[in-house]
K.L.:
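This is the structure, below, for whatever I ask next.
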Amino acid sequence: MLAVAGITASNAQSAKKATSKVAKVEGAGMAFETETIDYGTIAHNADGKREFVFVNNGTKPLIITNTQGSCGCTVPTTPKEPIAPGAKGIIGVKYATDRVGAFTKTVTVTSNAEGQPTKVLTIKGTVLPDPVKS
């Protein structure tokens with residue numbers, strides 16, 4: 001009986017830790033699932049669209065005022081509406097996969113997030129050349 005009670009209490013604590021993984025902040029907050037997307041090795045002209053998913057871990061609405069790619073080959077999309085506290089949002093990014101070779105690019109996100117109003121996200125990978133036809 002004591003063993004079962006101990007396991008149940010341990011599982012409850014683990015579940016509590018998992019749900020409180022994202023720390024709450026006063027004001028608006030922005031916690032990303034990942035800050036780097038690795039495309040891996042992809043084909044020339046493959047689909048270059050990916051998504052950065054985040055949650056507003058703050059107590060006030062999060063407003064993203066700007067997203068800027070590090071070059072013209074990296075085009076981000078920005079949520080237009082404020083993200084409510086606890087809600088998820090998405091910053092889309094499209095890399096121009098017509099450029100062959102390795103790449104590492106960034107997207108700079110500007111918002112009203114407390115403590116870190118500017119966040120730099122990274123995409124990387126390698127675009128393979130077309131196969132040689134014989």
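What you see is a predicted model, and the numbers here were worked out from it, not measured in a lab. Along the sequence shown, the residues carry numbers beginning at 1.
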K.L.:
Decide yes or no on side-chain contact (heavy atoms from CB on, under 4.5 Å) for Val109 and Ile64, but give the supporting numbers first.
P.N.:
CA-CA 7 Å; Val109 180; Ile64 297 179; 3.9 Å; yes
K.L.:
Determine whether Phe32 and Ile123 fall in the same hydrophobic cluster, where Ile, Leu, Val, Met, Phe, Trp and Tyr are linked whenever their side-chain heavy atoms lie under 4.5 Å apart.
P.N.:
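Linked, Phe32 and Ile123 end up in one cluster.
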K.L.:
Name each donor-acceptor pair under 3.5 Å that joins a side chain in residues 97-107 to protein atoms two or more places apart or in another chain, with its distance.
P.N.:
{"from": "Thr97", "atom 1": "OG1", "to": "Ala46", "atom 2": "N", "distance (Å)": "3.1"}
{"from": "Thr97", "atom 1": "OG1", "to": "Ala46", "atom 2": "O", "distance (Å)": "2.5"}

K.L.:
Name every donor-acceptor pair, under 3.5 Å, that has one atom in a side chain of residues 113-121 and the other anywhere in the protein, sequence neighbours excluded.
P.N.:
{"from": "Gln116", "atom 1": "OE1", "to": "Lys119", "atom 2": "NZ", "distance (Å)": "3.3"}
{"from": "Lys119", "atom 1": "NZ", "to": "Glu35", "atom 2": "OE1", "distance (Å)": "3.4"}
{"from": "Lys119", "atom 1": "NZ", "to": "Glu35", "atom 2": "OE2", "distance (Å)": "2.9"}

K.L.:
Is Arg50 positioned over the aromatic face of Tyr39, cation under 6.0 angstrom from the ring centre and no more than 45 degrees off axis?
P.N.:
yes
K.L.:
Tell me, please, which residues at least two apart from Ala84 pass side chain to side chain contact (heavy atoms under 4.5 Å, CB included).
P.N.:
Ala87
K.L.:
Could you list all the side-chain hydrogen bond (donor to acceptor under 3.5 Å, both in side chains) pairs where at least one residue sits in residues 61-79, not counting sequence neighbours?
P.N.:
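The answer is Thr67-Thr78.
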K.L.:
Given 3.5 Å as the limit, does a donor-acceptor pair link the side chain of Asn112 with the main chain of Pro61, or not?
P.N.:
yes
K.L.:
In Å, rounded to the nearest 0.5 Å, how long is the span from CZ of Phe52 to CD1 of Ile37?
P.N.:
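So the gap between those two atoms works out to 3.5 Å.
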K.L.:
Is the shortest heavy-atom distance from the side chain of Phe54 to the side chain of Pro79 under 4.5 Å?
P.N.:
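A side-chain contact exists here, since the closest heavy-atom pair is under 4.5 Å.
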K.L.:
Measure from the side-chain N and O atoms of Asn56 to the backbone N and O of Ile83, and report whether any donor-acceptor pair falls under 3.5 Å.
P.N.:
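Here the side-chain-to-backbone pair exists.
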K.L.:
Scan the side chains in residues 125-132 for donor-acceptor partners under 3.5 Å anywhere in the protein, sequence neighbours excluded, and list what turns up.
P.N.:
{"from": "Asp130", "atom 1": "OD1", "to": "His44", "atom 2": "ND1", "distance (Å)": "3.0"}
{"from": "Asp130", "atom 1": "OD2", "to": "His44", "atom 2": "ND1", "distance (Å)": "3.1"}

K.L.:
Rounded to the nearest 0.5 Å, what separates atom OG in Ser111 from atom CG in Leu62?
P.N.:
5.0 Å
K.L.:
Would Glu26 and Lys60 count as a salt bridge (Lys or Arg N to Asp or Glu O under 4.0 Å) here? Give the steps.
P.N.:
CA-CA 7 Å; Glu26 285 299 318; Lys60 294 183 179 170; over 6 Å; no
K.L.:
Which residues satisfy the side chain to side chain contact (heavy atoms under 4.5 Å, CB included) test with Lys49, sequence neighbours excluded?
P.N.:
Asp47, Lys94
